[in-house]
Novice: 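Take this structure, written in structure tokens, and hold onto it; I'll ask about it next.
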Amino acid sequence: MTRAALLVLADGRFPAGGHAHSGGAEPAVKAGRVHDAASLAEFCRGRLHTAGLVSASLAAAAALGLDPLALDEAADARTPSPALRTTARRLGRQMMRAARATWPGEELAALAAARPRGAHQPIVLGLAARAAGLGAEDAAHCVAYECVSGPATAVVRLLSLDPFDATGVLARLAPELDLVAARAAGVAASAAVEGVEVLPAASAPLLDVMAEAHAAWPVRLFAS
């Protein structure tokens with residue numbers, strides 16, 4: 001395992017397409033739910049412990065070597081919003097391109113062939129972490145961080161929020177990021193024995209509702 005590979009995978013400049021997505025922050029800003037650093041922190045915390053935990057667990061399970069197709073079906077079952085399923089697969093397709101160029105391997109190639117229109121992004125990221133020699137908790141950390149850093153970066157653009165304030169939000173969430181990543185890795189290890197059914201299915205209905213509304217906007221800054 002190399003920590004440098006973890007830095008590459010978690011780098012916001014890794015060409016996986018995440019910069020074009022707000023993680024639900026754009027509709028939250030328009031609705032007035034996110035309007036300053038404090039409300040951004042609450043939004044990110046809620047996202048981390050729901051959608052973030054689910055995605056981190058899927059990524060950790062993929063990094064452990066669980067069947068990626070079974071995990072992809074599990075991701076579909078845990079994503080009730082059609083708009084979010086479409087987003088996850090688009091991001092997965094872009095992540096696949098970046099991962100195969102960076103850490104080419106048979107497992108990534110097999111998933112790309114089985115899901116030519118894209119697998120869910122956390123599963124692809126987990127396989128990328130596995131190809132890079134990283135562990136389950138590393139993959140979970142990448143996803144957990146991404147699920148809050150994306151909205152934080154988006155809000156800087158949407159509200160002209162001071163980037164120092166946005167970074168402070170992420171720094172104060174760091175202990176919770178560690179806890180979510182550790183929990184995700186632990187439940188992924190259980191899934192390796194008991195099956196993917198034990199993976200978390202935490203829900204965030206408001207994120208689903210906002211995603212469907214956002215997908216219908218004629219003009220928007222972010223793809224999701």
Side-chain angles (χ1 to χ4, degrees), residues 12 14-59 71-98 111-112 114-125 142-161 163 166 169-170 173 199-224:
F14 190 71
H19 65 280
H21 297 264
S22 76
E26 186 169 23
V29 166
K30 183 175 182 180
R33 295 186 178 95
V34 174
H35 49 83
D36 58 11
S39 55
L40 171 63
E42 289 305 305
F43 176 86
C44 288
R45 180 172 289 110
R47 181 170 163 76
L48 173 64
H49 289 283
T50 53
L53 173 62
V54 172
S55 295
S57 301
L58 290 163
L71 291 173
D72 197 53
E73 292 177 359
D76 254 357
R78 288 160 173 76
T79 312
S81 163
L84 290 180
R85 286 198 298 272
T86 297
T87 294
R89 293 191 180 280
R90 285 176 179 167
L91 285 170
R93 188 165 61 246
Q94 182 66 20
M95 172 63 75
M96 180 66 78
R97 292 181 61 194
L111 181 58
R115 292 287 189 271
R117 299 183 66 180
H120 279 256
Q121 191 261 8
I123 289 93
V124 182
L125 187 148
C142 283
V143 172
Y145 177 70
E146 181 183 59
C147 91
V148 295
S149 63
T153 301
V155 168
V156 169
R157 295 173 63 186
L158 291 162
L159 288 177
S160 297
L161 184 70
V169 167
L170 297 178
L173 283 172
L199 292 173
S203 63
L206 192 54
L207 285 178
D208 295 334
V209 171
M210 290 194 300
E212 291 300 312
H214 183 264
W217 289 7
V219 179
R220 54 192 177 182
L221 183 60
F222 292 92
S224 72

Novice: Do Leu199 and Leu71 come close enough that some side-chain heavy atom pair is under 4.5 Å?
Specialist: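 Side chain of Leu199 against side chain of Leu71, heavy atoms only: contact under 4.5 Å found.
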Novice: Write down the atom of Ala16, the atom of Met95, and the distance for their closest heavy-atom approach.
Specialist: CB-CE, 3.6 Å
Novice: Under 4.5 Å between any side-chain heavy atoms of Leu221 and Arg157, yes or no?
Specialist: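 Of all side-chain heavy-atom pairs linking Arg157 with Leu221, at least one is under 4.5 Å.
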Novice: Give every residue pair that meets the salt bridge (Lys or Arg N to Asp or Glu O under 4.0 Å) criterion with at least one member in residues 208-224, sequence neighbours excluded.
Specialist: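 Counting only pairs at least two positions apart or across chains, no salt bridge (Lys or Arg N to Asp or Glu O under 4.0 Å) contact touches residues 208-224.
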Novice: Kindly check if the number of other-residue, nucleotide or ligand heavy atoms within 6.0 Å of OH (Tyr145) is above 12?
Specialist: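 Counting neighbours around OH of Tyr145, 12 or fewer heavy atoms of other residues, nucleotides or ligands fall under 6.0 Å, so no.
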Novice: Does Glu42 have any salt bridge (charged side-chain N to carboxylate O under 4.0 Å, His left out) partners at least two apart in sequence or in another chain, and if so, which?
Specialist: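 Only Arg45 meet the salt bridge (charged side-chain N to carboxylate O under 4.0 Å, His left out) criterion with Glu42.
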Novice: Restricting to side-chain contact (heavy atoms from CB on, under 4.5 Å), what partner residues turn up for Cys44, sequence neighbours left out?
Specialist: Leu40, Val148, Pro151, Leu173
Novice: Just how far is it from atom CZ of Arg78 to atom CG of Leu84, taken to the nearest 0.5 Å?
Specialist: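 Going from the CZ atom of Arg78 to the CG atom of Leu84 covers 15.5 Å.
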Novice: Could you pull out the closest heavy-atom pair between Val143 and Ala56, with the gap in Å?
Specialist: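 Minimum heavy-atom separation between Val143 and Ala56: CG1-N, 3.5 Å.
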Novice: Sequence neighbours excluded, which residues qualify as side-chain hydrogen bond (donor to acceptor under 3.5 Å, both in side chains) partners of Ser22?
Specialist: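 Ser22 satisfies side-chain hydrogen bond (donor to acceptor under 3.5 Å, both in side chains) with no other residue.
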Novice: What distance do Leu91 atom CG and His21 atom NE2 have between them, rounded to the nearest 0.5 Å?
Specialist: 4.0 Å
Novice: Applying side-chain contact (heavy atoms from CB on, under 4.5 Å), can you list everything that pairs with Leu111, at least two apart in sequence or on another chain?
Specialist: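 For Leu111 the side-chain contact (heavy atoms from CB on, under 4.5 Å) partners, ignoring immediate neighbours, are Pro68, Leu69, Met96, Arg115, Ala119, Ile123, Val124, Leu127.
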Novice: Where is the tightest heavy-atom contact between Gly24 and Met210, given as atom of each residue plus distance?
Specialist: O-CE, 4.0 Å
Novice: Treating Glu26 as the side-chain partner and Phe222 as the backbone partner, does any N or O pair qualify as donor plus acceptor under 3.5 Å?
Specialist: yes
Novice: Listing request: all salt bridge (Lys or Arg N to Asp or Glu O under 4.0 Å) pairs with a residue in residues 84-94, at least two apart in sequence or in separate chains.
Specialist: Asp72-Arg89, Asp76-Arg89
Novice: What's the shortest heavy-atom distance between Ala98 and Pro15, and which atoms?
Specialist: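 Scanning both residues, the minimum pair turns out to be CB-O, 3.5 Å.
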Novice: Which heavy atom of Arg47 sits nearest to which heavy atom of Cys147, and what is that distance?
Specialist: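 Scanning both residues completely, I find the closest heavy atoms to be NE-O, 2.8 Å.
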Novice: Taking all non-hydrogen atoms of both residues into account, name the closest pair between Leu58 and Pro122 and its distance.
Specialist: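 Looking at all heavy atoms of both residues, the shortest contact is CB-CB, 4.2 Å.
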Novice: For Thr153, enumerate each residue passing the side-chain hydrogen bond (donor to acceptor under 3.5 Å, both in side chains) test, keeping only those at least two apart in sequence or located in another chain.
Specialist: none
Novice: Under 3.5 Å, which donor-acceptor pairs do the side chains of residues 27-37 form with other protein atoms, sequence neighbours left out?
Specialist:
residue, atom, partner, partner atom, Å
Asp36, OD1, Ala38, N, 3.3
Asp36, OD1, Ser39, N, 2.8
Asp36, OD1, Ser39, OG, 2.7

Novice: ring-ring contact (aromatic ring centres under 6.0 Å, His included) with His214: which residues, sequence neighbours excluded?
Specialist: Trp217
